[in-house]
There are 2 protein chains.
Amino acid sequence: MSAAEKYDVFQAIADPTRREVLHLLATKERSIAEITTHFDMSRTAIAKHLHVLADAELVSGTKVGREKIYMLQPEPLTELKQWLAFYEQFWNNKLTKLKYVVEKEMMTDTE
Amino acid sequence: MSAAEKYDVFQAIADPTRREVLHLLATKERSIAEITTHFDMSRTAIAKHLHVLADAELVSGTKVGREKIYMLQPEPLTELKQWLAFYEQFWNNKLTKLKYVVEKEMMTDTE
DNA sequence: TTGACATGAAACCAAATGGTTGTATATAAT
DNA sequence: ATTATATACAACCATTTGGTTTCATGTCAA
């Protein structure tokens with residue numbers, strides 16, 4: 001069961017419906033039908049979204065009887081976290097500069 | 001100059017070219033032409049990507065002479081960070097379990 | 001002022017995306 | 001055995017996306 005790797009994490013989370021699905025699966029495992037009840041679209045559409053998420057390995061599904069139960073697999077989000085970490089230094093710099101300015105102002109104001 | 005808000009951060013970073021553009025702008029401000037030299041596509045295509053990024057407020061451009069200089073605006077990434085933070089608790093749980101196992105092994109190994 | 005340069009904007013296009021409906025198959029319940 | 005349920009899969013469709021080419025405009029340099 002290798003990943004076709006057609007979709008990566010970035011693409012997978014780009015769609016708001018898929019983010020909502022992830023959020024639902026964060027609470028607990030759910031069947032396709034159960035997930036569908038939370039949306040205003042067909043079961044097939046949701047199944048497709050789940051395939052995209054599974055392709056990005058953000059969820060995994062196992063067949064239980066006639067149901068397919070999907071569960072969250074958050075590991076691939078580490079890639080996103082690492083990507084973000086690189087940019088954090090930039091907005092942290094801004095905050096640092098701001099903090100410096102504020103503190104300087106406080107000193108000149110109060111003394 | 002309000003945001004048309006057609007694109008959000010999630011969509012903006014979904015495209016690998018746009019992520020590369022962001023990475024380039026992290027180093028320094030650059031003109032459209034300069035950015036284009038790093039890619040194998042037309043200047044117009046890059047300009048479109050920059051519009052998407054600008055729409056998501058991840059970059060801003062100012063005209064200087066006949067050039068348009070774009071710079072990184074990392075602030076909207078905080079939204080992404082917050083989104084991620086929610087899911088971190090899940091994979092942290094897994095890591096915590098792993099850490100526990102490792103430490104337990106170390107103790108039994110070294111003492 | 002004339003030409004080269006940098007961009008803007010419009011028209012166009014193929015492929016991908018996000019949805020639908022319809023049909024088939026496997027499992028559960030009566 | 002029959003019916004209802006849960007899903008799979010294929011075909012189809014409209015819109016969006018990511019790219020192109022072409023033409024117009026503004027600015028810099030000679």
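In what follows, every chain begins at residue 1, and chains take the letters A, B, ... in the order their sequences are listed. Note that this is a predicted model, so its numbers are computed, not measured.
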Check this for me: does the side-chain of B:Arg66 come within 3.5 Å of the base of D:dA29 through a donor and an acceptor? no
Assign B:Glu34 to base, sugar-phosphate, or nothing according to its heavy-atom contacts below 4.0 angstrom with the strands shown. nothing
Want to settle it: does A:Val64 or A:Val52 sit nearer the 5' end of DNA chain C, counting the closest nucleotide to each? A:Val52
Here the pair of heavy atoms bringing B:Ala12 nearest to B:Leu58 is CB-CD1, 3.8 Å
Return the value, rounded to whole Å, for the distance between atom CE of B:Met41 and atom P of D:dT21. 13 Å
Please state whether the phosphate of C:dG19, meaning OP1 or OP2, lies under 4.0 angstrom from any side-chain nitrogen or oxygen of A:His49. yes
Report the distance from atom NE2 of A:His51 to atom C1' of D:dT7, rounded to the nearest whole Å. 9 Å
Interface with DNA chain C, restricted to residues 13-25 of chain A and to heavy atoms under 4.0 Å: A:Asp15, A:Arg18
B:Lys68 side chain N/O closer than 4.0 Å to the phosphate oxygens (OP1, OP2) of C:dG8? yes
Parallel, tilted or perpendicular: rings of A:Phe10 and A:Trp83 (30°, 60°): perpendicular
Scan A:Ala45 against the nucleic acid and name what it touches under 4.0 Å (heavy atoms): base, sugar-phosphate only, or nothing. base
To the nearest angstrom, how far is B:Lys48 atom NZ from C:dG8 atom C1'? 12 Å
Does A:Ser42 have a side-chain nitrogen or oxygen under 4.0 Å from the phosphate oxygens OP1 or OP2 of C:dG19? no
In this structure, how many angstroms lie between the P atom of D:dA8 and the NZ atom of A:Lys63, rounded? 5 Å
Describe, as an angle rounded to 10 degrees, how the axis at the first end of the helix from C:dT1-D:dA30 to C:dT30-D:dA1 is tilted relative to the axis at the last end, five pairs per end. 20°
Output the rounded distance in Å from CG (A:Asp40) to P (C:dG18). 17 Å
Would you say the ring centers of B:Tyr7 and B:His51 fall short of 6.0 Å from each other? no
Minimum-distance pair of heavy atoms, taken over all atoms of B:Asp55 and B:Lys6: OD2-N, 2.8 Å
Atom CD of A:Glu67 to atom P of C:dA28: distance rounded to whole Å? 9 Å
So which one's nearest nucleotide on DNA chain C is more toward 5', A:Gly65 or A:Ile46? A:Ile46
Closest heavy-atom contact between B:Met41 and B:Thr36? O-CG2, 3.6 Å
For B:Gln73 and B:Ser60 the tightest heavy-atom approach is OE1-CB, 3.5 Å
Is B:Arg18 reaching over with its side chain to a backbone N or O of B:His49, donor-acceptor style, under 3.5 angstrom? no
Can you tell me how the ring of B:Phe86 sits relative to the ring of A:His23, calling it parallel under 30°, perpendicular over 60° and tilted otherwise? parallel
Is there a side-chain polar atom (N or O) of B:Tyr7 under 4.0 Å from OP1 or OP2 of D:dT16? no
Tested for side-chain contact (heavy atoms from CB on, under 4.5 Å) against A:Arg30, the lone hit among A:Ile35, A:Ile69, A:Leu72 is A:Ile35
Contact class for B:Thr44 vs. all strands (heavy atom < 4.0 Å): base, sugar-phosphate, or nothing? base
Rounded interatomic separation in angstrom, taking CD from B:Gln11 and C1' from D:dT16: 10 Å
Could A:Asp8 and B:Arg19 be called an ion pair, given the rule that one side-chain N must be under 4.0 Å from one carboxylate O? yes
For A:Ile32 and D:dA8, what is the distance between atoms CD1 and C1' respectively, to the nearest whole Å? 9 Å
